[in-house]
Amino acid sequence: MNTEIRITGRDGKGANYLTWSPVRAFVRLRNPDNASPVDVVIDNQSTSQGGQLVFSKTRTGTSSPSLQVKLKANGEQVIFWIAGRFGRPSLADKDAVIRVRRVGSNAVLSTHPVMVRIRKNANALTPPERDRFVQAFATLNLGGLGPFTSFRDMHVSAASNEAHGLSGFLPWHRAYLLDLERSLQAIDASVALPYWKFDQPAPNLFSLNFFGVSDGMGSLAFAASNPLQLWRTDGGQSIRRSPDFNTNTGRPTFVIDEDTTLALGFPASLFSEFTVLEGNPHGEAHVSFSGDISSIGTAAKDPLFFLLHTNVDRLWAKWQWKNKRFNGTQTATYPFGGAASSAGSTRVGHNLQDTMWPWNQVKTSPRPPTAPGGDFPRAPHASAPGKTPRVRSMIDFQGKLAMTARLGFDYDDVPLEF
Amino acid sequence: MDISKYRKQTEERVKRAGEKARRQRDSVLRSASPAARSTARARSAGKTSDAAIAIEIALDRSKSVKIRLQALEIVSKTVTRDEGLFKSVLALLANGRQPRLIRERVLQMLQAASFRSASFAPYRADYLRALRVLIDDADRSLRERALDILSLERDEYAQRRLLDGLASESQAIVPPEKAVQLLGEDFHADHLPLLERIVKDSKSSSAARREALRLMGAHPSSSPTLSRVLKDKREDPNVRRESALSLQTLAPDQFERLAKRIAVDGAEDADLRATMLTALALFGYPADAKFAQHVRKVKDSARGANLRRAAGRLLKEDADS
């Protein structure tokens with residue numbers, strides 16, 4: 001007698017990648033001993049190693065590290081919900097193992113490995129996590145010949161009004177990062193975008209084995225086995241970056257810290273006041289270096305740009321969680337609720353109902369004349385945002401209000417609360 | 001982790017941070033002299049904003065640098081909303097008699113503001129004009145920062161000045177390796193003879209030669225020079241490394257031959273060998289059985305961790321297995 005578990009969102013290799021957001025799963029009995037139903041417990045195979053999981057009977061119900069269910073001998077599927085346990089993400093692929101045990105005998109009826117795949121602080125990655133990410137990123141770039149070129153071409157001066165200076169700054173960059181992350185996961189499914197927590201020293205990030213050490217003039221040194229030394233953009237240019245701060249012990253001098261950022265607009269905590277973070281800490285983090293990352297038109301040449309923006313996105317996600325801002329139709333969550341054609345709207349691309357360039361493939365004014373990258377990539381673990389994301393698709397990123405809105409990523413320090 | 005407790009802690013910390021930021025802001029604004037407030041009122045047609053008071057504090061030389069920098073933080077939030085405010089900030093940057101820290105902060109602040117492209121657009125031309133003047137400033141860090149920004153903008157004036165400096169030392173505004181690096185932001189084919197000259201000139205610094213070789217990877221006719229430098233075992237390994245990476249872009253087949261030879265040559269620099277193996281692995285060059293055998297020997301016997309790791313990656317094996 002054994003059991004079978006299936007979790008929605010499996011990829012082509014049958015693997016599951018979970019976040020803090022519950023997804024539906026099924027368990028059923030196979031090869032029963034007799035016609036009697038069997039009580040089983042679903043739990044974590046190990047509570048000391050690997051990512052940890054929680055289970056619940058309903059999507060929004062209380063979750064716990066174990067769940068008891070009754071399985072019928074006829075093999076009827078029993079639905080349950082599974083998510084990563086906040087604070088216990090995986091360190092490696094398939095290190096979170098679901099175990100099904102028979103109540104009473106404790107016989108193990110089946111195990112099912114998954115990964116709790118979460119965006120983490122880049123400075124705290126283990127060497128294997130770091131190396132997997134670096135390898136995937138370098139592969140995407142492929143010395144300037146890989147698909148990364150599209151991402152570089154999306155963030156240029158000619159397109160800056162699509163993504164900067166107005167309300168859509170945060171949603172557009174959230175979509176941009178998610179597009180990149182899914183492309184990395186197509187190379188190595190165990191990878192999630194890490195973030196550069198720029199209000200703290202990050203010596204592990206600015207190291208030879210990770211994002212390089214500046215020689216003071218703007219060129220970067222990498223370990224001889226680090227594939228990022230081969231990073232090229234714009235027809236063969238390597239990364240140019242020189243920090244204004246000591247990357248071993250310091251952090252950008254003028255960047256406001258996380259708590260001060262989350263307090264922007266306090267106590268009303270309106271999105272329109274929070275988005276001032278575009279200047280500080282976002283802009284200040286960019287200009288805490290000389291080199292490519294310090295200008296809109298060239299910033300995406302430097303892979304550090306994506307870790308900087310993942311942190312900006314994390315700050316937005318944390319602000320959303322703290323202030324319960326997931327309903328895009330509320331102006332406190334997002335100030336422009338209509339489309340570009342509505343009364344009181346703002347520039348196209350920055351209203352809640354607007355599609356976002358370049359994924360909408362619109363090349364007529366006022367949109368830019370090119371639209372690199374094609375459709376937004378699909379992912380097995382999340383059906384949102386579809387091939388043409390709208391601003392509104394980026395708000396309920398955890399699927400807190402609508403299960404189908406879930407985008408399939410989470411941060412290590414931003415929980416989901418129903 | 002107890003999420004309720006985590007929420008409570010977060011809310012308390014954020015509340016304290018918000019209150020602290022407000023207190024600091026109020027303290028800075030209170031430090032404005034009556035004259036400063038009066039000027040702010042006059043400039044704002046009677047509607048005095050915090051930013052208008054703050055810019056007067058930032059301009060007030062009797063205030064400490066610390067207070068002036070704090071005042072600039074208040075200004076930074078709205079600098080692009082008011083033309084008068086923007087002009088005052090630019091004037092502060094241009095004034096060579098102002099403290100270096102203040103001017104550096106202003107430049108950085110303007111650069112950060114430029115990320116809000118929609119609101120910055122009306123001021124862009126003035127900003128770039130101010131940067132061009134800064135190229136000749138007495139302060140080196142301001143000169144270099146201004147040049148860096150202009151190079152990123154592909155500014156023709158800045159490019160001309162860099163080229164003039166490479167042609168004649170007396171006109172150099174930055175060291176030659178920096179000039180080459182900045183010119184690389186907008187590499188033109190007609191820069192190639194200059195780069196070739198730098199590579200061939202024995203008096204060129206290793207840094208200048210590396211920068212030149214790096215840029216040569218963008219030009220098809222550079223292959224012979226790149227190949228020659230890579231083959232020359234008397235060359236600095238770091239210089240050879242740049243040649244190799246540029247050659248990979250231009251002539252992948254030639255790179256493959258040379259890289260494989262270097263990778264398994266025990267007499268070659270270990271880091272250079274590791275870089276060759278890393279490149280061969282990343283670009284997916286096929287490894288026939290004989291080459292794979294050589295690489296396995298490298299993985300099993302090399303002392304350097306980087307070399308073992310690179311060999312393992314090529315063989316798709318863990319470095320220590």
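Proteins get letters first, then strands, A, B, ... in listed order; numbering begins at 1 in each.
In terms of heavy-atom pairs under 4.5 angstrom with chain B, the leader among A:E258, A:Q229, A:R88, A:Q237 is A:Q229. Between chain B and the options A:A138, A:S238, A:S219, heavy-atom pairs under 4.5 Å are most frequent for A:S219. Note on B:E211, B:H219, B:M216: by heavy-atom pairs under 4.5 Å with chain A, the leading option is B:E211. By number of non-hydrogen pairs under 4.5 angstrom with chain A, the leading residue of B:S114, B:G184, B:G217, B:A281 is B:G184. Comparing B:P175, B:A274, B:A311 by how many heavy-atom pairs each has under 4.5 Å with chain A, the most go to B:A274. Interface summary for chain A: among B:S4, B:A17, B:A113, the most heavy-atom pairs under 4.5 angstrom belong to B:A17. When A:A285, A:G236, A:A223 are compared by the number of non-hydrogen pairs under 4.5 Å with chain B, A:A223 comes out ahead. No other option in B:R214, B:R116, B:M1, B:R7 has as many heavy-atom pairs under 4.5 Å with chain A as B:R7. Chosen from A:G297, A:P227, A:G144, the residue pairing most often with chain B at heavy-atom distances under 4.5 Å is A:P227. When each of B:R273, B:R241, B:R210, B:K20 is scored by its heavy-atom pairs under 4.5 Å with chain A, the top score falls to B:R241. With chain B as the partner, the residue from A:L142, A:T260, A:N161 showing the most heavy-atom pairs under 4.5 Å is A:L142. Ranked by heavy-atom pairs under 4.5 Å with chain B, the first of A:F254, A:F169, A:F222 is A:F254.
Contacts of B:E104 with chain A are absent, with no heavy-atom separation under 4.5 Å from either backbone or side chain. For a residue to count as touching a neighbouring chain, one of its non-hydrogen atoms must lie under 4.5 Å from one of that chain's; by this rule B:R22 touches chain A with the side chain only. Contacts between A:E417 and chain B at a heavy-atom distance below 4.5 Å involve the side chain alone, from C-beta outward. For a residue to count as touching a neighbouring chain, one of its non-hydrogen atoms must lie under 4.5 Å from one of that chain's; by this rule A:E284 touches chain B with backbone and side chain alike.
Using a 4.5 Å cut-off on side-chain heavy atoms (C-beta onward), A:R240 and B:L152 make contact. At a threshold of 4.5 Å between non-hydrogen side-chain atoms, the residues A:R232 and B:L245 count as touching. The shortest distance between side-chain heavy atoms of B:R309 and A:N209 falls below 4.5 Å. Residues A:L230 and B:Q248 are not in side-chain contact: their nearest non-hydrogen atoms beyond the backbone lie 4.5 Å or more apart. Within the 4.5 Å cutoff, no side-chain heavy atoms of A:N226 are placed close to those of B:T278. A:V287 places none of its side-chain heavy atoms less than 4.5 Å from the side chain of B:M109. Within the 4.5 Å cutoff, the side chain of B:F187 has no heavy atoms near those of the A:D234 side chain.
Across every non-hydrogen atom of A:G291 and B:D148, the tightest pair is N-OD2, 3.0 Å. When all heavy atoms are compared, the tightest approach of A:M217 to B:K178 is O-NZ, 2.6 Å.
From B:D2, atom CG reaches atom CZ of A:F86 across 11.0 Å, with rounding to the nearest 0.5 Å. Atom OG of residue A:S225 and atom CZ of residue B:R308 lie 10.5 Å apart, to the nearest 0.5 angstrom. Here the straight-line distance linking atom CZ of A:F289 with atom CD of B:Q111 works out to 12.0 Å at 0.5 Å rounding. Annotation: the span from A:S294 atom OG to B:I149 atom CD1 amounts to 6.5 Å, rounded to 0.5 Å. A:N323 CG to B:E11 CD: the interatomic distance, rounded to the nearest 0.5 Å, is 8.0 Å.
Contact residues of residues 117-125 of chain B toward chain A are B:S117, B:A118 (heavy-atom distance under 4.5 Å).
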Just do the side chain to side chain contact (heavy atoms under 4.5 Å, CB included) check on B:R154 and A:T298 with the steps written out, would you?
-> CA-CA 11 Å; B:R154 301 186 166 195; A:T298 54; over 6 Å; no

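Atom NZ of B:K15 is surrounded by 12 or fewer heavy atoms from other residues, nucleotides or ligands within 6.0 Å.
Classification of B:R145 and A:D244 as a salt-bridged pair holds, one side-chain N sitting under 4.0 Å from a carboxylate O.
Looking at A:N141, A:L228, A:T139 one by one, the single match for side chain to side chain contact (heavy atoms under 4.5 Å, CB included) with B:L282 turns out to be A:T139.
At a cut-off of 3.5 Å, with distance as the only test, no side-chain donor of A:S290 or B:E144 sits close to an acceptor on the other residue.
Between A:H164 and B:F115, the ring-plane angle classifies as perpendicular under the 30° and 60° cut-offs.
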